[in-house]
A.B. asks: 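This is the structure I have questions about; it appears just below.
Values below: all heavy atoms of this structure, side chains included; hydrogens, waters and symmetry mates excluded. Since we're looking at a predicted model, the values are computed, not measured.
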Amino acid sequence: MGGVVIRIAGYRSRLRTPMRFGGETFTERHGFFVEVEGSAGSGVGEVAPLPGVHRESVEDCLQALRRRTTFPRSLAFGMSV
């Protein structure tokens with residue numbers, strides 16, 4: 001029986017038009033794609049918490065994923081896709 005393989009690809013992307021959400025204005029998005037591959041199949045999700053909107057940061061999500069600890073909401077959502 002094989003193990004689980006997790007691949008992470010970070011990104012930082014400038015927005016063509018600033019986005020206003022939760023009282024904040026964003027000019028770029030920062031996050032990562034996560035691919036999980038195991039005996040049950042594989043899938044790809046995106047994790048990109050919004051500063052000032054979500055409690056966790058991208059770095060918090062990456063640390064939780066590497067430690068395999070309790071996942072913050074943004075990470076749990078990205079992993080559920």
Side-chain angles (χ1 to χ4, degrees):
M1 180 171 262
V4 174
V5 175
I6 298 174
R7 294 180 190 90
I8 299 168
Y11 68 85
R12 187 175 295 271
S13 179
R14 192 140 183 87
L15 298 174
R16 184 174 293 176
T17 304
M19 176 177 68
R20 188 155 174 75
F21 188 78
E24 300 276 335
T25 300
F26 302 95
T27 58
E28 70 176 14
R29 293 292 289 140
H30 174 215
F32 62 93
F33 295 102
V34 58
E35 179 183 13
V36 180
E37 187 178 318
S39 60
S42 65
V44 177
E46 179 186 14
V47 179
L50 292 168
V53 177
H54 297 101
R55 290 182 180 172
E56 64 273 10
S57 67
V58 171
E59 290 75 22
D60 294 335
C61 292
L62 284 168
Q63 286 179 6
L65 182 60
R66 288 184 179 122
R67 292 182 183 153
R68 306 238 177 141
T69 60
T70 303
F71 288 176
R73 284 185 174 179
S74 297
L75 179 57
F77 176 78
M79 297 288 288
S80 69
V81 179

A.B. asks: Once you round to the nearest 0.5 Å, how far does CE of Met19 lie from CD of Glu28?
C.D. replies: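 That separation rounds to 11.0 Å.
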A.B. asks: Quick check: do Pro49 and Cys61 have side-chain heavy atoms less than 4.5 Å from each other?
C.D. replies: yes
A.B. asks: Start with the C-alpha gap between His54 and Arg73, add the side-chain angles, then the distance that decides, and say whether side chain to side chain contact (heavy atoms under 4.5 Å, CB included) holds.
C.D. replies: CA-CA 8 Å; His54 297 101; Arg73 284 185 174 179; 5.8 Å; no
A.B. asks: When you compare the side chain of Tyr11 with that of Arg29, does any pair of heavy atoms fall below 4.5 Å?
C.D. replies: yes
A.B. asks: Working to the nearest 0.5 Å, report the span between CG of Leu75 and OG of Ser80.
C.D. replies: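 Leu75 atom CG to Ser80 atom OG measures 10.0 Å (nearest 0.5 Å).
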A.B. asks: Does some side-chain heavy atom of Glu56 sit less than 4.5 Å from a side-chain heavy atom of Phe71?
C.D. replies: no
A.B. asks: Quick one: do Phe26 and Phe21 satisfy ring pair (Phe, Tyr, Trp, His ring centres under 6.0 Å)? Show the steps, please.
C.D. replies: CA-CA 8 Å; Phe26 302 95; Phe21 188 78; 7.4 Å; no
A.B. asks: Identify whether Leu15 and Val47 are in the same connected component of the hydrophobic contact network (ILVMFWY, side-chain heavy atoms under 4.5 Å).
C.D. replies: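 Leu15 does not cluster with Val47.
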A.B. asks: Considering non-hydrogen atoms only, spot the tightest contact between Val4 and Arg68 and give its length.
C.D. replies: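 Closest pair (atom of Val4, atom of Arg68, distance): O-NH2, 4.4 Å.
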A.B. asks: Are Val58 and Val53 co-members of a hydrophobic cluster defined by side-chain heavy atoms under 4.5 Å apart?
C.D. replies: no
A.B. asks: What distance do Leu65 atom CG and Met79 atom CE have between them, rounded to the nearest 0.5 Å?
C.D. replies: 5.5 Å
